[in-house]
Amino acid sequence: MPGTITEQILRDHLVEGDLEPGAEIGIEIDQVLTQDTTGTMVWLQFEAMDIDGVRTDVAAQYCDHQTYQHDFKNTDDHRFLRSAAGKFGAQFSRPGNGICHQVHKEHFARPGTTLLGSDSHTPTQGGLGQLAIGAGGIDVAVAMGGAPYYVEMPEVVEVRLEGELKPWATAKDVILELLGRLSVKGGVGKIFEFTGPGVETLTVPERTTITNMGTELGATTSLFPSDGATRDFLSRLGREDEYVELEPDADAEYHDSITVDLSEIEPLVATPSMPDNVVPVREVAGTTVDQVMIGSCTNGAYEDILPAAKMLEGRSIARRTEMVIAPASKQASELLAREGWTAELMAAGVNFSEATCGACIGNGHVPASDSVSVRTFNRNFEGRSGISDDSVYLCSPEVAAATALAGELIDPRDLAADLDMDAPGVELPVRYVGSDADLIAPEEAVDDALIKGPNIGEVPLADPLDGTLSGEVLLKMGDNVTTDHISPANAEALMYRSNIPKLAEFTLARIDESFAERAKHAEGGFLVAGENYGQGSSREHAALCPMYLGVRGVFARGFARIHRANLFNFGIVPLTVDDAAYERIKQGDSLAVVDDLRDGVLDGRESFEVRVNDDWTFTARLDASERERELLAAGGKLQWTKQHVESDAVSPADD
Ligand code: MIC
Ligand code: SF4
């Protein structure tokens, strides 16, 4: 049967359903990854399911988001994660070894297989032909127990690459171009599959920059073919035997097609405070810049730092600008140090951080008040850098390095002309020869029992769904509310990712500081939001904390994919409303679902009448599969799974 690469991989892994866009499918998961700030919940839920060990080919636990360990609570989380990896049979990557997506790419990602990760940038591995999807922690825990992962079959959209990038244009500019064209909602319900003659001109690290930031389009995932460049990359990693060729069949049919001529791409920048506010760098050139950062899972690899090093060698960054590099993995740091580049960069005025997510989520290197920060990261949501009125621009390492030299935003082509500087291009190391000292394989495990410090709490559970659902509108929000708004990931909040009662105090504080208090007093209520509610991260805490505070339903014009799944997983009813109802509902209104909710959910009803202040009514839609309806009725996925655990897998399909 002919097919796209997506269909080929899915067909090989299909356990339930048909590959019809919009239909729910169940797929077998080969690998899972999880990180420190979502991982503690994953393992607590895995423990609660009573499964003796990991059942996927690979399970890898990384410690990357909060490696500065500001507080013993962070360090306790890391120790708990090491003990969980040891007890249940996962790979363990120590704090400082690198960002999950970079280290997974170096060690485990494999073309033709499936990966599920409790981090929204899991699709990074699509750059080497792995079908990789981000999900909430409980979904990862269940898949790790051997059950299929359920997802709505997306539309497969072709992104046809023509031509070749010109000097100074980069893979980052390709994905910024797509964001500028399609917006942060443009990929919802879609997989982007890259085809065309331009594909072979891009190395795997360039491809993974593109697939990484496909997440910002809202896409389920993004996927490149597995070809000569993939084989070359794997062989430099010493994993050539894992290569398989993957290309679309000649008559593969795509739902839609977009063409990008690489030769027309120019240096771009996402201006504050959304990744789709994209303009050519020249349009904002001259903006004074206080801080420049290179790093993150998008552009923190050896191949990203090397161009900057070549540009800065023998030069000095501007006096008014501070520059920090946080490599995405210790392997990248080690290679750069062995080749002497670290010294060159230091001599130019750069400070080095350990390999960490850190600043990407406002954890260290918080910009000064009323200042401009230029970063090679993937998200510049308002306040994410750690200060509420931030001004963060996103760009390529080349633009970042040029900006650090000039002290103001500048197109590197303009600086190159002044400084007589050659375009650094993309160069891969002959061999990736970093040490494995920080990666502990299951057979080398240090612990065989869980170690829980005082801050590691329980997973709170919602009650099974009731017949009645009523309460106050606790907060009315606009479009594109991110999970960073719902549950921030700065240093102060992050230490409570394993302690939901404490973390819940931060809920929605970026929008309304009084929210947590008000919600507690109201003893139950609703959230109302515009389009694309819950975009951004996979953190299930953005559903868990509202649930803990008594939120039982969200009325929105639309939901982001992972957050929508997280709402079902924690027993919060996600209902869609039309524009007229959205406009009319006010914060403080009293809402009551007229019909028996539990019966309606279980009977497959799609619309529910809702009364407002005993005054007027509107219709809300529940678009949910049978499985999602069962999860809601049970009060969430953990309760559902515990009721259905079987000896060999925890699959709703086996019900
Ligand atoms: C992010 O980039 O927002 C994070 C922090 O990596 C999150 C995960 C988390 O909240 O722990 C993500 O992308 O899923
Ligand atoms: Fe870490 Fe930032 Fe990547 Fe999230 S987006 S995984 S915080 S580097």
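These numbers come from a predicted model, not from an experiment. Ligands are counted one by one from 1 in listed order, and the atoms in each one are counted from 1 as well.
- A side-chain donor-acceptor contact under 3.5 Å links Arg379 and Ser120.
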Apply side-chain contact (heavy atoms from CB on, under 4.5 Å) to the pair Glu398 and Lys172, showing each step before the final yes or no.
CA-CA 10 Å; Glu398 283 81 344; Lys172 181 63 160 277; over 6 Å; no
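- At a threshold of 4.0 Å, the pair Lys73-Asp76 does not count as salt-bridged, since none of the basic side-chain nitrogens sits closer than that to a carboxylate oxygen.
- Of the protein's non-hydrogen atoms, Ser120 OG, 2.5 Å is the one closest to atom 13 (O) of ligand 1.
- In terms of protein heavy-atom proximity, atom 2 (Fe) of ligand 2 is nearest to Cys360 SG, 2.3 Å.
- If you check the side chains of Thr376 and Asn299, you find no donor sitting under 3.5 Å from an acceptor.
- Using a 3.5 Å distance cut-off with no hydrogens or angles, the side chains of Ser118 and Thr34 do pair a donor with an acceptor.
- Residue Arg497 approaches ligand 1 through these ligand atoms, each under 4.0 Å from one of its heavy atoms: 9 (C), 10 (O), 11 (O).
- Atoms of ligand 1 lying under 4.0 Å from at least one heavy atom of Ile361, given by number and element, are 5 (C).
- At the shortest separation from atom 4 (C) of ligand 1 among protein heavy atoms lies His65 NE2, 3.6 Å.
- For the 3.5 Å distance criterion, the side chains of Gln535 and Thr482 fail to qualify, holding no donor opposite an acceptor.
- From the protein, the heavy atom lying nearest to atom 2 (O) of ligand 1 is Arg384 NH2, 2.8 Å.
- Here His65 has side-chain heavy atoms under 4.0 Å from ligand 2, and that is the only part of it that gets that close.
- Atom 1 (Fe) of ligand 2 has an N, O or S atom of Cys357 closer than 2.8 Å.
- The shortest N/O to N/O separation between Asp484 and ligand 1 does not fall below 3.5 Å.
- Residue-ligand proximity, Thr38 to ligand 1, at heavy-atom distances under 4.0 Å covers atoms 9 (C), 11 (O).
- Among protein heavy atoms, atom 12 (C) of ligand 1 sits closest to Ser537 CB, 3.2 Å.
- Each of the following atoms of ligand 1 lies closer than 4.0 Å to a heavy atom of Asp119: 4 (C), 6 (O), 7 (C), 8 (C), 12 (C), 13 (O), 14 (O).
- Checked by atom type and distance alone, the side chain of Asn212 pairs as donor or acceptor with a backbone atom of Cys297 at under 3.5 Å.
- Neither the backbone nor the side chain of Thr298 has a heavy atom within less than 4.0 Å of ligand 2.
- Counted by atom type alone, Thr208 and Lys105 present one or more donor-acceptor pairs between their side chains at under 3.5 Å.
- None of the N, O or S atoms belonging to His101 lies under 2.8 Å away from atom 3 (Fe) of ligand 2.
- Residue-ligand proximity, Ser538 to ligand 1, at heavy-atom distances under 4.0 Å covers atoms 12 (C), 14 (O).
- Within ligand 1, the atoms closer than 4.0 Å to a non-hydrogen atom of Thr37 are 9 (C), 11 (O), numbered from 1 in the order shown.
- Residue-ligand proximity, Arg384 to ligand 2, at heavy-atom distances under 4.0 Å covers atoms 2 (Fe), 5 (S), 7 (S).
- Counting protein heavy atoms only, atom 10 (O) of ligand 1 is closest to Arg539 NE, 2.5 Å.
- Under the ring pair (Phe, Tyr, Trp, His ring centres under 6.0 Å) criterion, Phe46 pairs with Trp43, Phe88, not counting sequence neighbours.
- Looking at Asn378 against ligand 2, only its side chain comes within 4.0 Å, counting heavy atoms.
- Remark: ligand 2 atoms within the under-4.0 Å shell around heavy atoms of Ser296 are 8 (S).
- In summary, the side chains of Thr170 and Asp173 do present a donor paired with an acceptor at a separation below 3.5 Å, with no hydrogens or angles considered.
- Ligand 1 lies within reach of Arg379, whose nearest heavy atom is under 4.0 Å from it.
- Using a 3.5 Å distance cut-off with no hydrogens or angles, the side chains of His107 and Gln91 do not pair a donor with an acceptor.
- Remark: ligand 1 and Ser118 share no N or O pair separated by less than 3.5 Å (distance only, no angle test).
- Look at Glu540 and Lys637 and you find no salt bridge, because none of the NZ, NE, NH1 or NH2 atoms lies under 4.0 Å from a carboxylate O.
- Salt bridge present: Lys330 and Asp438 bring a charged side-chain N and a carboxylate O closer than 4.0 Å.
- A donor-acceptor pair shorter than 3.5 Å cannot be found between the side chains of Gln61 and Arg82.
- Counting atoms of ligand 2 from 1 in the listed order, those under 4.0 Å from a heavy atom of His121 are 5 (S).
- For ligand 2 and Cys297, the ligand atoms under 4.0 Å from any heavy atom of the residue are 3 (Fe), 5 (S), 6 (S), 8 (S).
- Taking a 6.0 Å sphere around CD of Glu531, one finds it holds more than 12 heavy atoms contributed by other residues, nucleotides or ligands.
- For the pair Gln35 and ligand 1, the shortest N or O to N or O distance falls below 3.5 Å.
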